[in-house]
Every structure is written in structure tokens, then in C-alpha cells.
Amino acid sequence: MNTVSLQVNRRAVEVSAEPRTSLADFVREKLDLTGTHLGCEHGVCGACTVLLDGVPARSCITYAVACEGADITTIEGLDEDEVTTELRAAFTREHALQCGYCTPGMLVSARDLVLRLPDADERRIRVGLSGNLCRCTGYVGIVRAVQSVIGTRRARNIAPQADGGRTSLGPAGSGRAAPDQDRQSLQPTRQALAPVSESAAPGRIPDFTPATVLDQRFSLPYPPAKVFAMFDDIAGIAACLPGVSLAAPPRPEHVEGVIRVRLGPIAASFEGAARVERDPATLSGRIVGIGTDQRSHSATQGEIRYRLIPLDGGAATAVDLSIGYTLTGMLAQVGRPGLVRDLARRLVAEFAGNLDRHMSGAPSGAAAPAELSFWSLASDVLRARLVRMFGRVFTGKGGAE
């Protein structure tokens, strides 16, 4: 077994793998990133295409151990990518997919063309996609979709990138740093995959760049000083967060705990640790944490930044929250960004209500539930979305009449 250290979807990964393990099998089996599909396994069909240091590459014929120090982006890592979002919409509009098996690799290759080509030339697009085979569509819709995205972006004066951002000649991945580079940036996931006892030291909980950031605000009918003191009560805050429990008595600037999540039939318990930072001068703070669920092979890094703003002459407080996270593994394959945002709004509302009750001295029976059920929350979110959707439909009909 070899230890492979690389970046996958902006997150550091350090996992053991056999020398013969392909990059495709590595991301699918070791990281549960199953959006990368396997077809021919001979580098011909293109279904397994990923970005290797920003360049499309066949992951089925690339050894994972050969990617030491490389930056890998799978289709999951392009969820928030502007070009890929436009391509997805164009693929739907132009009927560019049927069974969808080739689509992840096709999108990765198409994205590269959108970045590089100066105009929507059909011949160059067909040549550029010739390494991605599709047995369903006949390619007409695919080509039209790519043409439309290139055309609209150039019409918006978005210039092509020379060589698609490539910085060196040679095969995909040849421009990565040498294997003996400083590997401090690879520490976050080694800690995230380790038991809590191995990652509990405050200095070993790393900073990171979140894949997703959600901003929320709520208000409390208490002065900022009282709210700030409450945020220093880690045990009290944990009691207000749905699904959160402490694994040990919190220490200054450090806490260990568990977040229990149920997403439909999938139950997960993220065990981890966090460091706590506070700035009394600005009434702000930050909590940075890591956690893993061994059962679903999911891992997460999270960051909560808060800032307190006086309201009503200091009699009340607005709490500005910035919630950033990176989630990988099975659970990352289930939720989509739009639903996650709706759920985050609901969770913040529950946290604010629990915090208000806690500060008012409400009975302990009003505490947060022992398990965070995304299934029940999703039902409420979907119900609200249906109400808004039908409201728009009936409003539109009324306006037409």
C-alpha cells in the first residue's frame, strides 16, 4: 500500500492505495465521488474524464500514486463552477443527454473548450469532443449546447483563456509541484480522517477555503454584551444546535463533539474537534472544525464566523453568520446546493429559536433535538417550494386574465 497525498475538489486528501489503483477507482472507492464514471477503462470513451491540475485527463488510465501532489477536480467539484452551470443548462435546453452516463466526462471536456475556443466553431468543437463517446444522442445536441455557451459568453465580452489556463507543456499533471514539496497544505484531511484523539490538539485544526459559503442573519431581544457572553458558553451553544452533542467538557478555545445527521435512509455521526476564536473588541468570533463519519466514509470541514451588531440603541442584537463548509463522501452525493441553502436557512432559524429560549431561561425540554433530521427539514423545504411555485403559477394566470 502507498500513501497518496493530493488535492481533490479543493480539499487535501491523504489516503492509502495499492500502486495499481487507477485515479478513477481512487476517487470512486476511496472518496465516494461516484460522479466519475467508468466505461471502457482503456482511455477511449472519456466517461472518466476529470481535471488534473486544470487539464482534462483520463482517470481510468492514470495511476493514483502518479498524482502525488496534484490538484484533482471531479464533476462534483464543479457544482458551483460558472461555466459548468451554464453548460448544464444548455445540455438540458438542447436535449444533449439521454442516459447521462457519458455526461460527467462530457461536461469536463466541454468546459475546457468553452474556456479555450475563441468562437463557437462547430468543427473545432467536434474535434475537441472526439475523445468523449456518446451512444445515445448523435452529438448534435451536445455540439449545439457547447456552441450556445461559447457564443453567449463571447457576446458578454468574456474572452477565451490562452491554453485554458495551462501553464506548462507536457502531459496533464506534468506542471504540478515536486513530490518533495512542503506538504503542510495536505494536513487538513489527514486530521479529518484520523480519530478525534489524534486530531484534538488545537494547533492541528487547520484553516481551509470552504467550497460553499452561506450568509445568514437573525436577531435576538438581548443586548450585544449578553449575547457575546452566551457565545462564550460552548456547552450552551451546543445545546441549541440541532444534532450537536459534546464528547468531552469544552476547554478554552477547543471543543470536541459529535454532529448526528439523518438524510433519508442515511444516518451519519461526524466525530471531530473545533477551535474557538473570539474578539471582544469587535464582538465577533470564529469556530473552525473538522469531522468524519466512518460509516458513510464522509468527511467535512466547517467554519462559522459571527458578528454581533447592536439594534434598538443596544437593547437588541443582530447576529450575522457566515457558514462555510466542504463535504466529501456519500453525503456529498445526495444534497444539491439549492436544497442545502434552504436547509441552512431553516437550521439557522431553529438555532436562533433555541438560543432565544435558552437565554430566556426556558425549560430544558425546549432544547435542540438529539438528531438532525434532514428528511423532515427537507419535507418542510419542499412544501414551501411547492407553495411558492403554485403561487407563481396562479399569480401568472390571474395576471393573464
Side-chain angles (χ1 to χ4, degrees), residues 8-9 22-52 55-62 72-115 117 120 122-152 172 263-266 296-297 328-340 378 382:
V8 179
N9 298 338
S22 69
L23 180 60
D25 286 335
F26 181 85
V27 297
R28 286 176 58 86
E29 297 176 7
K30 299 291 186 179
L31 305 179
D32 288 318
L33 296 173
T34 54
T36 299
H37 291 168
L38 284 167
C40 66
E41 298 194 59
H42 286 76
V44 175
C45 74
C48 67
T49 305
V50 300
L51 294 178
L52 174 53
V55 181
R58 301 288 196 264
S59 61
C60 74
I61 55 172
T62 302
I72 310 298
T73 304
T74 68
I75 191 65
E76 293 90 347
L78 297 173
D79 269 354
E80 305 292 335
D81 178 74
E82 176 183 304
V83 176
T84 308
T85 299
E86 293 180 22
L87 281 168
R88 286 192 177 104
F91 268 51
T92 301
R93 184 175 61 250
E94 300 292 342
H95 305 287
L97 69 160
Q98 289 184 32
C99 80
Y101 197 82
C102 72
T103 305
M106 193 75 73
L107 285 171
V108 173
S109 296
R111 176 185 179 275
D112 183 64
L113 295 179
V114 171
L115 291 175
L117 297 186
E122 180 178 350
R123 181 181 178 278
R124 296 186 68 179
I125 292 173
R126 287 184 175 274
V127 170
L129 293 177
S130 60
N132 292 78
L133 305 183
C134 175
R135 300 182 64 180
C136 300
T137 66
Y139 303 98
V140 174
I142 295 172
V143 173
R144 286 177 179 170
V146 178
Q147 283 182 307
S148 69
V149 174
I150 294 176
T152 56
L263 184 53
I266 302 174
S296 68
H297 301 291
T328 60
M330 182 185 298
L331 290 178
Q333 313 308 311
V334 180
R336 308 316 300 165
L339 181 59
V340 170
L382 292 175

Donor-acceptor contact below 3.5 Å, side chain [X] vs main chain [Y]:
| X | Y | result |
| --- | --- | --- |
| R28 | T36 | yes |
| D112 | V55 | no |
| H37 | Y101 | yes |
| Y139 | L133 | no |
| Q147 | A120 | yes |
| Q98 | C136 | yes |
| E122 | V143 | no |
| S109 | M106 | no |
| N132 | C102 | no |
| S59 | C48 | yes |

Would you give the length of the straight line joining atom [atom1] of [X] to atom [atom2] of [Y], rounded to the nearest 0.5 angstrom?
| X | Y | atom1 | atom2 | value |
| --- | --- | --- | --- | --- |
| T92 | L97 | OG1 | CG | 6.0 Å |
| F26 | T62 | CZ | OG1 | 13.0 Å |
| E41 | D25 | CD | CG | 6.5 Å |
| T74 | N9 | OG1 | CG | 3.5 Å |
| I150 | I125 | CD1 | CD1 | 4.0 Å |
| E94 | I142 | CD | CD1 | 11.5 Å |

Before giving the answer on side-chain contact (heavy atoms from CB on, under 4.5 Å), spell out for E86 and V114 the whole-Å C-alpha distance, their side-chain angles and the decisive distance to 0.1 Å.
CA-CA 10 Å; E86 293 180 22; V114 171; over 6 Å; no
Heavy-atom closest contact (G43 atom, C40 atom, distance):
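That closest heavy-atom pairing would be N-SG, 3.6 Å.
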Could you check V50 against V27 for side-chain contact (heavy atoms from CB on, under 4.5 Å), going step by step and ending with a plain yes or no?
CA-CA 10 Å; V50 300; V27 297; 5.5 Å; no
Under-4.0 Å salt bridge between D79 and R88
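Between R88 and D79 there is a salt bridge, with a charged N closer than 4.0 Å to a carboxylate O.
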Does atom CZ of R135 have more than 12 heavy-atom neighbours from other groups under 6.0 Å away?
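For R135, atom CZ is not crowded (no more than 12 foreign heavy atoms under 6.0 Å).
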Taking it one step at a time, do I72 and L23 satisfy side-chain contact (heavy atoms from CB on, under 4.5 Å)?
CA-CA 9 Å; I72 310 298; L23 180 60; 4.0 Å; yes
